[in-house]
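Below, read A as the first sequence line, B as the second, and so on, with proteins coming before strands; counting in each chain starts at 1. This one's a predicted model, so the numbers in the text were calculated from it and none came from an experiment.
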Amino acid sequence: MTAPTPVRVRYAPSPTGDPHVGNIRMAIWSWLYARHTGGQFLVRIEDTDQTRLIPGAVERILESLNWLGLDWDEGPDIGGPYAPYFQSQRLERYREAADRLVAQGNAYPCFCSSEELDALRSRQQAEKRPTGYEGKCRTVPPEEAARRAASGEPHVIRFATPREGSTTAHDLLRGAITVENATLDDFVILKSDGFPTYHLAHPVDDFAMKITHVTRGEEWIPSLPRHVLLFDALGYPRPVFVHGPVILAPGGGKLSKRHGATSVLEYADAGYLPDALLNFLCITGWGHGDETVFSRERLIEIFDIADVSLAPATFDTEKLNWLNGVYLRQMPLRELSEAIARRLERELPGDVPRPLDRVLVEAVTPLIQERIQTLAEVTPLVDFFWTGSVETPPAGEFLTKKWAGQGEAAGAALDAVADAIEALDPFEAAPMEARLRALADEIGAKAGDLFTLVRLAVTGRKVSPPLFESMEIIGQEACAERLRSAATIVRAG
RNA sequence: GCCCUCAUCGUCUAGCGGUCAGGACGGGACCCUUUCAAGGUCCAGACAGGGGUUCGACUCCCCUUGAGGGCACCA
């Protein structure tokens, strides 16, 4: 889809915490749409609520975008032709717009206190009437209002919403949305601290920054009529509005901490890959034929924001895990190996010397590449390659199935394996397997039963990467040592 | 309570008046196999309900039901 003028979309988070995945998904879609059409993607910080600012939030927001590989053409850190990109630095513009609306008779100062407003709201609720400001200060004569405001009396500026008629706005995805003006109230556009509310800041900035498509979450639909009224009153052309669906938690309802990670950085921490999360988030709430795995390039090639679905989608962690596994398996050895090395250096016990030997990590990587879904599974799976000695499991672990009650036989078998291992030359996986299969035959055991003992002895666990390749990496001496020690324990059991 | 939005397998979706309603995750079976994975083959599984419109509705309209969102000097 090609737009007549270059598409300009923006991601406009407020710095009140880490961006939620639902929020980030909208940013991904917006970014893809900009890149798909050859337009621009910008970032604007909506820091108009001084009471909710969280230090460091801006940095974390930008870090989240960076990690996902979303780049911006204009933003708080790099500036741009419409700077500044912090709303807190654009206060004069909002003031100006508000003054103009008051002068035009589209807005008025309101001197009602929060206590008064709270009281009004409770009264309305008690009487089961719609809540909302009923326009008390709208009747204050303009001259009197101006005088009181000039004398320093605390006040806000409210928009004088038309009482009659209805307002129709258009959403690219949903078509016309019409609301009776009577259901709207005189909402605040400028707060008493001089900061604008979102309702005012949004039209002023999106007009000034030449935004062509306002992309945001569905939660904004109810206030869309107010925004449209403001665009009109200000004499700004209306942009295209696109309200994406929300993301639901598995059980239904909002996705929250209770359901696991909710921010991008948490997913990074949990061992997910940027491309996998990007693919997954994009895919939840949007689809394209029979395809499921999309590279970034492919998405840019085919993504059209007009194709996103309207219904709220449920966050499917199982699918994310599977997709992450797909990306892990696709990764070039060197790249995966480096990621695994960094993970291990972060998680291995402190007595393991850093940096890790990359040659060893590269030997281990192919053994686990197709066995993990996230990087978080790496360390518990392969730590025995680095921890000097494994803790041999108790005899009971060994003496199950074929070996139940056969402590002596199992011990003998382990010793026999140790003998065979020590005699091996070269000490490589293929000949090792051949030799141990023959040995199983000699002992009169099934290969699998023998290998289970060896696995337990050498890796310390019943599930491990491929046995012989692992043993080759661990080394001849260490393997023999672990086998003998296990033999002793098993006999005693 | 008032306003708004949405509705295809358990989940994410394709479909855009005529299809055996397709794919993916998850589930089941089998194959492969030294564990665990990965891989392969196959199976089960959906148009929320009721009215219209039409020669013909998953597709268009209305109602019901269900789900989600909003009703701040927060965004």
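Remark: P of B:rA14 and CD1 of A:I302 are 12 Å apart, rounded to the nearest angstrom. A:L323 places its CG atom 14 Å from the C1' atom of B:rU11, with the value rounded to the nearest Å. Counting to the nearest Å, the C1' atom of B:rU13 and the CZ atom of A:F315 are 16 Å from each other. Rounded to an integer number of Å, the gap from A:E291 CD to B:rG22 P is 19 Å. Here B:rC4 presents its C1' atom at 14 Å from NE2 of A:H227, a figure rounded to the nearest Å. Protein atom OH of A:Y133 is 25 Å distant from nucleotide atom P of B:rC2, rounded to whole Å. Here the P atom of nucleotide B:rC4 and the CZ atom of A:F241 are 18 Å apart, to the nearest Å. When rounded to the nearest whole Å, the span between CD of A:E127 and P of B:rC2 equals 15 Å.
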Nucleotide by nucleotide, nucleotides 66-75 of chain B touches protein heavy atoms under 4.0 Å in the pattern (B base, S sugar-phosphate only, - none) --SBSSSBBB
In 5'-to-3' order, the base (B), backbone-only (S) or no-contact (-) status of each nucleotide in nucleotides 24-36 of chain B, using a 4.0 angstrom heavy-atom cut-off, is BSS-------BBB
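In this structure B:rU34 sits in no base pair that meets the Watson-Crick or G-U test at under 3.5 Å. B:rA48 and B:rU64 make up a base pair, with Watson-Crick or G-U wobble contacts both under 3.5 Å. Under the Watson-Crick and G-U wobble criteria, each requiring two contacts below 3.5 Å, nucleotide B:rC71 is paired to B:rG1. Both distances falling under 3.5 Å, in either a Watson-Crick or a G-U wobble arrangement, place B:rU41 opposite B:rA29. Remark: B:rU11 base-pairs with B:rA24. Criterion, Watson-Crick or G-U wobble with two distances under 3.5 Å. For B:rC55, the paired base is B:rG18 (Watson-Crick or G-U wobble, both distances below 3.5 Å).
Screening residues 87-96 of chain A for salt bridge (charged side-chain N to carboxylate O under 4.0 Å, His left out), with sequence neighbours left out, gives A:R90-A:D205, A:R95-A:D99. Residues in residues 14-27 of chain A take part in these salt bridge (charged side-chain N to carboxylate O under 4.0 Å, His left out) pairs, two or more places apart or across chains: A:D18-A:R60. Here ring-ring contact (aromatic ring centres under 6.0 Å, His included) pairs that include residues 443-473 of chain A, with residues two or more places apart or in two chains, are A:F451-A:F468.
In terms of the ring pair (Phe, Tyr, Trp, His ring centres under 6.0 Å) criterion, residue partners of A:W220 (sequence neighbours excluded) are, by chain and number, A:Y198. In this view, A:A438 and A:R435, A:E442 satisfy the side chain to side chain contact (heavy atoms under 4.5 Å, CB included) rule, not counting sequence neighbours. In this structure A:D118 satisfies the salt bridge (charged side-chain N to carboxylate O under 4.0 Å, His left out) test together with A:R121, sequence neighbours excluded. Scored by the side chain to side chain contact (heavy atoms under 4.5 Å, CB included) test, A:A12 finds A:R10, A:R44, A:E46 as partners (sequence neighbours excluded). Partners of A:R138 under the salt bridge (charged side-chain N to carboxylate O under 4.0 Å, His left out) rule, at least two apart in sequence or in another chain, are A:D186. Partners of A:R298 according to the side chain to side chain contact (heavy atoms under 4.5 Å, CB included) rule, which considers only residues two or more places apart in sequence or in another chain, are A:H288, A:E291, A:F294, A:S295, A:E301, A:I302.
Using C1' as the reference atom, B:rG22 and B:rU33 are 33 Å apart when rounded to the nearest Å. For the P atoms, the distance linking B:rC12 with B:rC58 amounts to 22 Å, nearest Å. A gap of 16 Å separates the P atoms of B:rC43 and B:rA21, to the nearest Å. Spacing between B:rA24 and B:rG39 at atom P, rounded to whole Å, works out to 12 Å. Rounded to whole Å, the C1' atom of B:rC9 lies 4 Å from the corresponding atom of B:rA46. Remark: the separation of the C1' atoms in B:rU8 and B:rG23 is 13 Å, to the nearest Å. Atom P of B:rU59 sits at a distance of 34 Å from the matching atom of B:rG28, rounded to the whole Å. Here, B:rG40 and B:rG45 have their P atoms 24 Å apart, quoted to the whole Å.
Within the nucleic acid shown, A:R129 has no heavy atom closer than 4.0 Å to any nucleic acid atom. Within the nucleic acid shown, A:G285 comes within 4.0 Å of sugar-phosphate atoms alone, with no base atom in reach, counting heavy atoms only.
In this structure, A:F187 has its ring center closer than 6.0 angstrom to the ring center of A:H199. A:F231 and A:H202 have their aromatic ring centers within a separation under 6.0 angstrom. Between A:F241 and A:H170, a ring centre-to-centre spacing not shorter than 6.0 Å is recorded.
Mapped onto RNA chain B by nearest heavy atom, A:K128 and A:R329 fall at different nucleotides, with A:K128 at the one closer to the 5' end. Residue whose closest nucleotide on RNA chain B sits further toward the 5' end, between A:R174 and A:P245: A:R174.
Put simply, the side chain of A:S309 gets close to the backbone of A:G285: a donor and an acceptor are under 3.5 Å apart.
Between A:R437 and A:E433, at least one side-chain nitrogen of the basic residue sits less than 4.0 Å from a carboxylate oxygen of the acidic one, meeting the salt-bridge criterion.
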N/O to N/O distances under 3.5 Å, protein versus nucleotides 57-63 of chain B:
none

